[in-house]
Amino acid sequence: MNTTVSVTIDHTSVEVPSGTTILKACEQAGITIPTLCHLEGVCSNASCGVCVVEIQGAKSLVRSCVQGVAPNMNILTHSQRVMSARKTAVELLLANHPADCQSCSRNGTCELQDMAELLGIRERRFPRTRAPALPDLSGWGIVRDNDKCILCGRCVAVCREMQTVSAIDFTGRGIRTKVAPFMNYPLAESPCVSCGQCTLVCPTGALTERDETDEVFKLLYDPDKVVVVQTAPAIRASIGEALGMESGALVTGKMVAALRRLGFKYVFDTQFTADLTIMEEGSELIQRLTTGGKLPMITSCSPGWINFIETFYPQLTDHLSTCKSPQQMFGAVAKSYWAEKMGIDPAKIVVVSIMPCTAKKFEAKRPEMRSAWQWWNEKGRALEPLYDVDVALTTRELARMIRRVGIDFERLPLENFDDPLGKSTGAATIFANTGGVMEAAVRTAYELVTGKPLENLELTALRGYEYIKTATLDLNGTSLNVAVAHTLKNARVILDQIAAGNSPYAFVEIMTCPGGCVGGGGQPLGPSQSKIEQRQASIYQEDRNLPIRKSHENPDIQALYGEFLGKPLGHLSHQLLHTVYKRKEKVET
Amino acid sequence: MSGFPLESRAILGSTLVHPTVPLISVGLGTCGIGNGASDLFEALKKAVDGSGIQIKKAGCFGFCAEEPLVMLYYPEKPILLFTQVQAKDAKRLVKALESPAALDRAAKSARGKISTWDFRTLRVEFGSAWPEVPQWNEIPFFSGQEKFILRDCGLIDPENIDEYLGIGGYGALFKALSTMKSQDIIDEITQAGLRGRGGAGFPTGIKWNLLKNNQGERKYLICNADEGDPGAYMNRNEIESDPHMLIEGMLLGAYATGADHGFIYVRAEYPLAVERLKIAIDQARKAGLLGDRILGYPFSFDLELVCGAGAFVCGEETALIASAEGKAGRPMPRPPFPAQKGYLGYPTDINNVETWCNVPVIVSRGAQYFRTIGTEKSPGTKVFSLVGKVKNTGLVELPLGTPLNSILYGMGEGTGSRKRIRAVQTGGPSGGCIPDFQFQTAVDYESLTALGAIMGSGGMVVMDQDNCMVDVAKYFLSFTASESCGKCAPCREGTSQMLRILNDITTGKASMKDLEELEQLAYTVKDSSLCALGQTAANPVLTTLKYFRSEYEKHIVEKRCTAGVCESLFEALCENSCPLHMNIPGYLALLSEDRIEDAYELTLRDNPLPGTMGRICHFHCQMRCRRDSIDEPVAQGEIHRYLADTMAKLGRDSAIWNRLAQEKKSDTGKRIAIVGAGPAGLAAAFYLVRLGHQVEVYESHPKAGGILRYGIPAYRLPKDILDHELGLWKRLGVQFKFNWRLGKDGTLDSLKSQYDAVILALGAQGDRKLGVPGEDLPGVHPGYEWLEAFAQGKIKKVGNRSLVIGGGNVAIDTARTLFRLGSEVTVAYRRTRADMGANSQELSGAEDEGIRFEYMIQPEEIIGGPKGVTGVRFRVMKAGGIDESGRPKPVPTDRVMEIPCDDVFVAVGEKVQSEMIAQGGYKVERDGRIVTDHLTGRIQGNLYAIGDAVTGPATAAEAMGLGKSVARSVDQALMSRSVFTDLYIPYDYPKEIPLEPSTHPMGRPKLVPPEERRGNFQEIALGFSGEQAKIEAERCLRCDVRPNAMSPWR
């Protein structure tokens, strides 16, 4: 039914498609209706009461975000009644919101703050009626501060609808209502997978990444430390945006320059170990295919996803590739191979990673992620326990650091990563996008299996925003069914098939966040599909820009195997690059 | 009903409802059981054993105040209704059914009888007998009720489907299946104009049509039985007493809309309703009334029960659906409406219990029949649960359009005490508070909404003068605030802020700005909440603000809760009820410690006439004394009389007067004129002079005291006591100008220009007239005028036979004065003794003296000629229903009587004589009362008024209280300061609650025997002895001992 209806908005007649919400109709008419809870495609909870408009003949004000237009509706968007209700709604929310904007991590990016400004609120009209709440610092990736929560419901919607995790929900009634895990458990004891999608949609500082920038500055100022940094593939297409450039701005060289100016001694690239991952994971796939191993094999780069399968499908963890994620491979390699090669005391090396992801913070603190330390111990070098990766920062935290020291990012020259852990291929770059790990693996696996060069590198069937994509690949005559899924709701579809025993796939890639790492929970705020698609496009651009586009052709990877690891899936690989995924346990924090 | 497959069971059932053997039935609803009906049932079962008498359980007949209810039936006789039956009565009741003669004897103690009963689907004649026993609907509680929904309740066994079949139940279903198309039923419901009984009043027919026209793989019907408002329980009883009525209604709805699944969402707090519904559903299923191919027709419907955990918000339909689906009960935005996308995503229709219950009768008797009940826009009946401060609590079912008056005073019979109904809350926490001056309103959807209330599901909470309206709003709001699901900001945060403000108001912490904020918030919450809970949550606040705003203002400005509910605003209930706010527990405690001087001084600072008032006060304090709940109140007044008399006798009071004179605030240079030296004017002068103002009191009489001197006879208040106490004013330097008349000796304008403030304390001395022929005859005397003339020595002689007309204190004072002058006195009053306005001690004193009283007669003509009166002809009255004063209304009979007499004294009330004030351009009420700002007492500019002239005839204490509070506001206005509390000094006295209350009964002073009273005016009451006073003081329970006890006056 492509009919239109005619409505009057602020005395002006407008034609809009039937079924349009009043909010959208107003947008078409050039009127922006403010909202605090509504988020297109994420949440239409109708809870905040800010988007109210007056409709002639209606008993009370209506919420424009959910109410559809009706023929001949006479809508007033800024009558005195409307403006007073809007302002009061926000003033009411401010009553139980702490007045600590200056020290809030969302200072300047807070939607509540903006709304208060927009509506001309100049005093805190109402006092508190709710006891102050203490923040929940139990989760390594995400900090919850219920005191700042305005109960809009976006986080609950994203956690339930997009991720099917439902780690948090509304509890209590009346003024005691809050968003909390089951039975008010700390987040760390909840099913939360640390994906951080909630931090992207939260309008205030109630849900944020754990900010570790001060910790990193402290390390950078410590003369006894050799601080190295690795940057995930997605960062080059998002750090510019976080610093005010257009969405998806591709800024690899400037990013390297900025990190060097911040004081990182060596600027490396997680893409180096992404290539390494392909070597190991591709080999593992071939091994499983040829020796009757557990299939389908599922990628293991996305730590939110790992948390999800460990929590909700623990019986299927055998399907995971045993490869660590590129972040963790990097830490292990840096503190073993590279430390030895450079002759630096591993205890002095600090590995900081820049990730698009809040779950990476959690992953870095998994107790088993201390392979380099174990490796040194076995070599007879007794060290205090150390993690392979010391600190994982999100894109947003890096942007904060760059701003804080006053670097004019856009005027930076383009610089290159340091060697040898800085060289990478186009295959590693596309790890940032949904379908990218699969595509990169195929580029290598095809050539390893067939011994022939792959003609068309770009697997368009596995690109794009579609949530589940499948393809059948021809590997020397054997056809290989593969699937790619992003967001955990869609991961469930794949897993349920596996659990039911009717999965047609041999190899599956799953990423936690929409669009892959480019849509990660550590990325710039204000998520939208179009922004994510712009970042994806830049990543594919980077792939095309790079001289080498297949992981096994990376000369430094070849050197790593030659000098140190021997061969993929060899003894050292197992010690440093692989792990065992199991049922989720509580982590020490 | 030919062809009805269940006809044989219906025949069996009808013999259970109308048997050929004697039958006892016991009302076993939750309220009956709560009052001992289960024990009674067991006792009756034992007693009937082997007697051939049947016994059965029935539902509730609705008269909660009189539970347990028992009905006795003997073949061919009316059913006898007995109320408040206990287990010990079992044998007696069973005996009554042993023979017709025994039954005739028992009928004498029956509350009522039922000769015929219209079950709406069947009419039953039980028999006729006992003309002296009222028919059930002649009992005030049932009179005017229309049992449409409650037609079977209390008469059939809710756990036996056969009885429901026996009175024609499921006949409507059979009629529908066998003769009607589904659209026919919807049309019938639409034509009947049935509206949702959940409270919103949406037309049921339209709702059903929506469901019918929505296509779905399945369709659901839901019965909303989540009755959650405090004070409402009609749905519970409808289910408990007649569950099949609901099931039949839903079956008809299912057939009409094409729904094949249904459930009843009932709160788990209704265990008996749940149990009876389970039994009923099971019986209906076994009888082929639920399931596939119902009664053999191609129609299937199945019904389940869903128990809700009792969240108020789950009465909202989208929240109810969420809860039924197993989710948290939080409302969803609409659209989509349930008819589009409801339970589990299927098209769904939700109706309230009572809505469903209307359906079988409409289908059975037709829309036209239904429309004969109720009003054009709101046809049918509505069941209300009448609770709170009302004598007859219970379930009342009335035709829509019945005025509130008929419900409250007719069916409810008022408060059952001398207290007045102030307001009624309809619709529970979502409803509004309707004030007494709107009680003529007809109860229907539109008129209640127009008042700011709602019909709601039918809760009706009655409130009297002891209910604080701010507290009422706070109570309901605290309910909705805690029951708010917390989803939407305006409701969650808004109700919480409103509650904060209400808490501040009731604890004396709020300002007038908060009141504005409260009102603005209330409108916003109403206007922008997501669901009906929030949209209506503000109604109790908005309506109380609309109708009782002055009470809010009193809490805020005066920090005073007149009703004595908001504990933080007073020390003790006695102190709060006292218009002068005397610190009663304080002086009682001081007296207990033998600190008579301190006790006197403390008393004096609150009340400058302790000896006088201790004799003649109405003792407002005693009316709220908590000791009354043990035996009788503490005689606080006698004690302050004792203190004053003792101090005067010892000659020690003047030292304290001197102390007050010495601590007068320094001269402010302000001059204040007070017109009138009665209690109000004296009180105002006392405080204003101590605050440092120069006070001059103008009085038309030759002496001060007003009514105390000229109205109250000396046997109650010896004038030397008054004269002595007036010495205090002289000591304080108050100037008096006697024999000065306003208008004659000076004008208002001249006073206003000479003084910084002018306070009018004119009193209310104009006698009201009877308005009957003969009132102008010689020998007819206005009561108050005569008393005043007597006090001034102008009356020397009276006739032999005096007739006093009236029932107030002036009437009694006149009668007792006449008695002392040797006349033979009769008092005629148009109501009963219990309804008299006079003090009960005065009344019994008059009776002791041998004064004759004639009640229930109303004068029609004063008979006589130019020589004088010879008598008065009266109409004999009888008691009618309860009127708005809470007393039975006198209704004329066809009888008249005549009382011969020589003089007639008309004492039927006084009024304010304020013609001169009105001529000055100031506003006065129709009855003459001067209009002032209720917080400051200001008329205009520097002109104020106090006392009876403002309130109309009131007590001396009330007049003094107003004088005191206006003195404070005058000082504030003149000086822009707030120093009133400086007039008090703290006393250190024990703050301890007695471990055990004293066992002494209320002390009574010695009285002069009646035979010694004729011919003299000596004081009757001789006062307490020292020992008596101490014992009495120790009877105090010390309610003032609590952390938040605070008086705004000290």
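Chain letters run A, B, ... following the sequence lines, proteins first, then strands; residues in each count from 1.
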Looking at [X], I'd like to know if its [atom1] atom is crowded, meaning that more than 12 non-hydrogen atoms belonging to other residues, nucleotides or ligands lie closer than 6.0 Å.
X       : atom1 : answer
Y467(A) : OH    : yes
K546(B) : NZ    : yes
F312(A) : CZ    : yes
K559(B) : NZ    : yes
R176(A) : CZ    : no
M162(A) : CE    : yes
F182(A) : CZ    : no

For [X], is it the side chain, the backbone, both or neither that has a heavy atom under 4.5 Å from a heavy atom of chain A?
X       : result
S484(B) : both
S529(B) : backbone
Q497(B) : both
Q520(B) : side chain
A481(B) : backbone

Can you tell which part of [X] gets under 4.5 Å to a heavy atom of chain B, answering side chain, backbone, both or neither?
X       : answer
I150(A) : backbone
T177(A) : side chain
N45(A)  : both

Just so I know, are the side chains of [X] and [Y] near enough to count as touching, which here means a heavy-atom distance under 4.5 Å?
X       : Y       : result
L521(B) : L92(A)  : yes
K526(B) : S60(A)  : no
S528(B) : R86(A)  : no
E493(B) : E91(A)  : no
R330(B) : F170(A) : yes
L93(A)  : R492(B) : yes

Inset, instruction - Could you have a look at V82(A), T88(A), V52(A) and say which one has the most heavy-atom pairs with chain B under 4.5 angstrom? - result: T88(A)

Inset, instruction - Could you check which of R81(A), E54(A), Q67(A) has the highest count of heavy-atom pairs closer than 4.5 Å to chain B? - result: R81(A)

Inset, instruction - Heavy atoms only: give me the nearest P490(B)-S47(A) pair and the separation to one decimal. - result: CD-O, 4.0 Å

Inset, instruction - Of all the heavy-atom pairs spanning P333(B) and S44(A), show the shortest one and how long it is. - result: CG-O, 4.5 Å

Inset, instruction - Can you measure from CZ (R130(A)) to OG (S496(B)) and round to the nearest 0.5 angstrom? - result: 9.0 Å

Inset, instruction - Between chain A and each of M332(B), R500(B), R334(B), count heavy-atom pairs under 4.5 Å; write down the option with the most. - result: R500(B)

Legend entry - chain A contacts, top residue of G486(B), G494(B), S482(B) (heavy-atom pairs, under 4.5 Å): G486(B)

